[in-house]
Amino acid sequence: MADAMKMRATMDGDAVDVKVLIQHPMDTGLLKDKNDKLIPAHFINQVVATLNGKTVIDSQWGTGIAKNPFIGFRIKGAKPGDKVGINAVDNLGTKYDGEVVVA
Amino acid sequence: MNQFRRAFLKGAGTVGTVAMAIATGLLKPGAVFAATWNTLAFTTKDLSEAISNAGYAGATDSSDIVIKAPDIAENGAVVPVSATCNIPGTTSMAIFVEKNPAPMIADFAFSNGAEPYISTRIKMAKTSVVRVSVKAGGKNYTNSREVKVTIGGCGG
């Protein structure tokens, strides 16, 4: 589901600045819909960032990350042409993958 | 490879830590999501329980953790928060919102050159203290900052 993810990686000094946007409802399971029924929890809970295939950030998320999650991070020692990848999975097992080349 | 092995042995001792995740990830490069989701820490409603289950208990206050967040958030559903840690040897960082129904927001483990910096957007149910805890050199550090919320982000 690469369409659901937008990524940008730009050099800033000796580090690459990565910004990632994922389209996702991030439902907490605590909200009710119009018919007073609970909306089941549906949220991204594991996100791994890689630089040229090597894990740089391994994260776990709860329901407290806002809808359509944004994450920004920096990796030292990257250079233009390197590949930054994101592998995310939600609590229902749907995978979201994205890759961007450092500009 | 020796330090990887050390990390693995260290991680094996404490169940569900991120160290475990990294270590198993290194042993099995094919498996991307090596760690199982830390259900205990993320589902608890109790702040101190969340902190200890995530492995950030007994933290010392440190102003070397710089939290950037608005003083007043108009909309609690989307609160931009970023945190930088200036303590050398920072390996992981977690974000907690003390008054959220589930206080634990996220836990990030850094490796292979990732800077101890995270920028994201979080949900806040009401005015609360945002706490950022880090693990650095085998010790835990924490810092916090209050964010006033005018419209809550969880529950209408």
Side-chain angles (χ1 to χ4, degrees), chain A residues 12-22 26-34 38 41 43-78 82 84-91 93 95 97, chain B residues 16 18-19 21-22 24-26 29 31-39 41-44 50 54 75-82 84 92-97 100-125 130 153-156:
Chain A
D12 178 16
D14 64 340
V16 60
D17 188 61
V18 186
K19 291 181 168 71
V20 184
L21 256 177
I22 312 171
M26 296 300 282
D27 289 319
T28 59
L30 303 170
L31 278 180
K32 285 176 179 169
D33 64 11
K34 284 173 194 158
L38 280 177
F43 58 99
I44 293 176
N45 57 12
Q46 285 187 291
V47 182
V48 171
T50 56
L51 175 68
N52 295 328
K54 262 178 139 180
T55 300
V56 286
I57 291 178
D58 185 343
S59 66
Q60 301 198 2
W61 294 6
T63 51
I65 297 278
K67 181 179 172 179
N68 297 333
F70 165 80
I71 165 178
F73 55 92
R74 294 166 60 85
I75 314 160
K76 263 200 183 124
D82 284 355
V84 178
I86 292 281
N87 300 94
V89 67
D90 65 22
N91 64 325
K95 288 196 164 97
D97 300 322
Chain B
V18 186
I22 306 164
T24 34
L26 283 166
V32 184
F33 305 109
T36 46
W37 194 58
N38 194 343
T39 316
F42 279 108
T43 51
T44 180
N75 182 358
V78 187
V79 184
V81 171
S82 69
T84 311
S92 71
M93 182 187 277
I95 307 172
F96 303 90
V97 175
N100 264 16
M104 178 140 191
I105 304 292
D107 189 357
F108 302 89
F110 307 103
S111 54
N112 295 321
E115 289 185 10
Y117 156 82
I118 283 294
S119 166
T120 187
R121 299 190 300 214
I122 64 173
K123 289 177 201 162
M124 291 183 68
V130 175
C154 310

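Computed from a predicted model, the values in this text were never measured in an experiment.
The side-chain contact (heavy atoms from CB on, under 4.5 Å) search around A/Asn52 returns A/Asp82, A/Lys83, not counting sequence neighbours. Under the rule for a side chain to side chain donor-acceptor pair (under 3.5 Å), A/Lys76 has no partner lying at least two apart in sequence or in another chain.
Using a cut-off of 4.0 Å between Lys/Arg side-chain N and Asp/Glu carboxylate O, A/Asp17 and A/Lys19 are scored as salt-bridged.
Most heavy-atom pairs under 4.5 Å with chain B, from the set A/Leu51, A/Asn91, A/Thr63, A/Ile57: that is A/Ile57. Here A/Lys54 is the residue among A/Lys67, A/Lys32, A/Lys54 with the most heavy-atom pairs under 4.5 Å with chain B. Of the residues considered (A/Asn68, A/Ile75, A/Val56, A/Ile71), A/Val56 shows the highest number of contacts with chain B, using heavy-atom pairs under 4.5 Å. Your options are A/Ala66, A/Ser59, A/Ala15, A/Gly53, and the one with the most heavy-atom pairs under 4.5 Å with chain B is A/Ala66.
Residues A/Trp61 and A/Ile44 approach most closely at CB-O, 3.4 Å, considering heavy atoms.
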